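Structure first, then comments.
Letters A, B, ... mirror the listed sequences (proteins, then strands); counts begin at 1. As the structure is a computational prediction, the values presented were derived from the model and not from experiment.
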Number of protein chains: 2
Amino acid sequence: MKKLPKISESEWLVMRVLWSKSPLAAQEVFEQLDATTKWKPKTVKTLIDRLVKKGAVKYEKDGRRYMYYPAVGRDEYVTKERRSFVRRVYGGISKPMLAAFLEDAELSADDISELKEILEQKAEE
Amino acid sequence: MKKLPKISESEWLVMRVLWSKSPLAAQEVFEQLDATTKWKPKTVKTLIDRLVKKGAVKYEKDGRRYMYYPAVGRDEYVTKERRSFVRRVYGGISKPMLAAFLEDAELSADDISELKEILEQKAEE
DNA sequence: CTCCTAAGATTACATTTGTAATTATATACA
DNA sequence: TGTATATAATTACAAATGTAATCTTAGGAG
C-alpha cells in the first residue's frame with residue numbers, strides 16, 4: 001500500500017467534509033465548516049491547498065473555479081490513524097484500551113449485539 | 001478537572017517511559033528510548049525540558065542531576081487522547097469505530113469474555 | 001587546587017501547523 | 001469595453017515540533 005500523507009488536526013475537518021460529499025468548491029467546503037469552526041474562507045482555502053499539495057485532495061476545473069474531492073480513501077485513513085493512535089497512546093492495541101472505549105461509548109441495544117457478535121466471531125479463531 | 005497540556009507525538013514516548021518507571025535521570029530516559037528511537041541524548045533532554053515547561057513533568061534534585069517524574073496521570077491523559085481521537089477521526093464515538101477496533105485486535109479468550117461482559121453490563125442500562 | 005567531564009542551560013534551525021491577508025486574474029455586469 | 005467581484009495564487013507570520021549543537025558550570029580525578 002502506498003504511503004498516506006500526514007493530515008493535521010485542522011485538515012481532518014476538511015477531509016471529513018469532502019469524504020461526506022464531493023466534489024465541492026472551496027466556498028462550499030467553507031460553508032460546511034462554518035457551522036462548526038470559526039475559520040475564515042481564506043483559512044479553509046489554505047487548508048485545501050495544503051491537502052492538494054500533500055496529495056490527499058485532487059480537483060477538476062469547473063469554469064473559473066476548482067471542484068475538490070478526496071484522493072485518498074476514508075477507510076484507509078481511519079485505519080492508519082487508529083493504528084497510530086493506539087501505538088502512540090497504548091503502545092499497541094490492548095484489552096484495557098478496548099474496555100475503555102466500550103465503557104465510554106453510548107450504544108444502542110442493536111449496537112451491543114453487533115459488537116458481541118464480532119467478539120464471538122473472534123473467539124472462534 | 002484541570003486543563004492538560006498538549007503532548008506531541010515524540011513527547012508521548014518520553015511520557016510513556018516515565019509513566020512506566022520514575023523518577024529517572026535524563027540519561028536513563030534516553031537509555032530506555034534508545035532501543036526504539038534514533039534520538040540522541042540531547043534530543044531526549046530537549047523533549048523532557050519541554051514537558052517540564054508544559055507542566056507535564058516535574059523533577060527533584062539528586063546531586064548535580066535531576067530526576068524526572070510525571071506530573072499528570074497516565075489515565076487522564078489516555079482518556080483525553082482517546083476522546084480527541086474519536087472526535088477528530090470519527091466525529092464521535094461510534095459503533096463502526098468500535099467494530100474496527102475489535103476486528104483489528106488480537107485477543108485472548110479471557111479478553112473476549114471480559115469485553116463481552118462489559119457489553120452486557122452496558123446492555124442493562 | 002586544577003582541569004576534565006557529565007549535566008544542565010541556552011541557542012539553533014528547518015518544517016509543519018494554525019490562521020489569515022494581500023495580490024493577481026478571469027468574468028459577468030453595466 | 002471598462003470595472004467590480006469572485007477565485008485562485010502568493011505571501012505572511014507566530015507557535016509548535018523534530019532534532020540537535022554549543023555553551024556553562026559544578027563535582028570528581030589527579
What I want to find out is whether A/D49 reaches A/K45 closely enough, with some N-O distance under 4.0 Å, to be called a salt bridge.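 Result for this pair is yes, salt bridge flagged.
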
Within a strict 4.5 Å, meaning less than it, do heavy atoms of the B/F101 and A/F101 side chains meet? yes

With a 3.5 Å distance limit and no angle check, can you tell me whether B/Q32 reaches the backbone of B/V29 through a side-chain donor-acceptor pair?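 No.
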
Do B/D34 side-chain atoms and B/E31 backbone N/O form a donor-acceptor pair below 3.5 Å?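 Not confirmed, B/D34 side chain does not pair with B/E31 backbone.
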
Short side-chain N/O contact from A/T43 to OP1 or OP2 of C/dA20, under 4.0 Å: yes

Tell me whether the side-chain N/O atoms of B/K53 come closer than 4.0 Å to OP1 or OP2 in D/dA16. no

On a heavy-atom basis, which atom in [X] and which in [Y] lie closest, and how many Å separate them?
X	Y	value
A/V89	B/R74	O-NH1, 3.7 Å
A/F85	B/E81	CE1-O, 3.5 Å
B/L98	A/A105	CD1-CB, 3.8 Å

Residue of the set B/V52, B/L24, B/L51 for which side-chain contact (heavy atoms from CB on, under 4.5 Å) holds with B/Y68: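 In the set B/V52, B/L24, B/L51, the residue that makes a side-chain contact (heavy atoms from CB on, under 4.5 Å) with B/Y68 is B/V52.
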
Which residues pass the side chain to side chain contact (heavy atoms under 4.5 Å, CB included) test with B/K58, sequence neighbours left out? B/Y69, B/A71

Reading 5' to 3' through nucleotides 7-15 of chain D, protein heavy-atom contacts under 4.0 Å coded B for base, S for sugar-phosphate only, - for none: SBSB-B---

Salt bridge (Lys or Arg N to Asp or Glu O under 4.0 Å) partner of B/D104, chosen from A/K80, A/R82, A/K122: A/R82

Can you work out whether A/G63 or A/L47 has the more 5'-proximal nearest nucleotide on DNA chain C? A/L47

Dump the intermediate steps for salt bridge (Lys or Arg N to Asp or Glu O under 4.0 Å) on A/E28 and A/K21, then the final yes or no. CA-CA 10 Å; A/E28 296 169 319; A/K21 183 162 188 289; 5.9 Å; no

Starting at [atom1] of [X] and ending at [atom2] of [N], how long is that distance when rounded to a whole Å?
X	N	atom1	atom2	result
B/I48	D/dT17	CD1	C1'	16 Å
B/D62	C/dG8	CG	C1'	14 Å
A/K61	C/dT25	NZ	C1'	11 Å

Above 12 or not: heavy atoms from other molecules or residues under 6.0 Å from CD of A/E106? no

For residues 5-20 of chain B, please give each side-chain donor-acceptor pair under 3.5 Å, one per line with the distance, not counting sequence neighbours.
| unit_1 | atom_1 | unit_2 | atom_2 | d |
| --- | --- | --- | --- | --- |
| B/S8 | OG | B/E11 | N | 3.4 |
| B/E11 | OE1 | B/S8 | N | 2.8 |
| B/E11 | OE1 | B/K54 | NZ | 2.7 |
| B/E11 | OE2 | B/K54 | NZ | 3.1 |
| B/R16 | NH1 | A/R87 | O | 3.0 |
| B/R16 | NH1 | A/R88 | O | 2.7 |
| B/W19 | NE1 | B/V72 | O | 2.9 |
| B/S20 | OG | B/V17 | O | 2.9 |

Of the residues in residues 80-92 of chain A, which ones touch DNA chain C at a heavy-atom distance under 4.0 Å?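 DNA chain C contact set from residues 80-92 of chain A: none.
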
Expected output check: what is the dot-bracket annotation of DNA chain D, where ( ) and [ ] are pairs inside the strand (brackets for crossing ones), | is paired with another strand, and pairs are Watson-Crick or G-U under 3.5 Å? ||||||||||||||||||||||||||||||

Check DNA chain D against residues 5-22 of chain B and give the residues with a non-hydrogen atom under 4.0 Å, in numerical order. B/S8, B/E9, B/S10

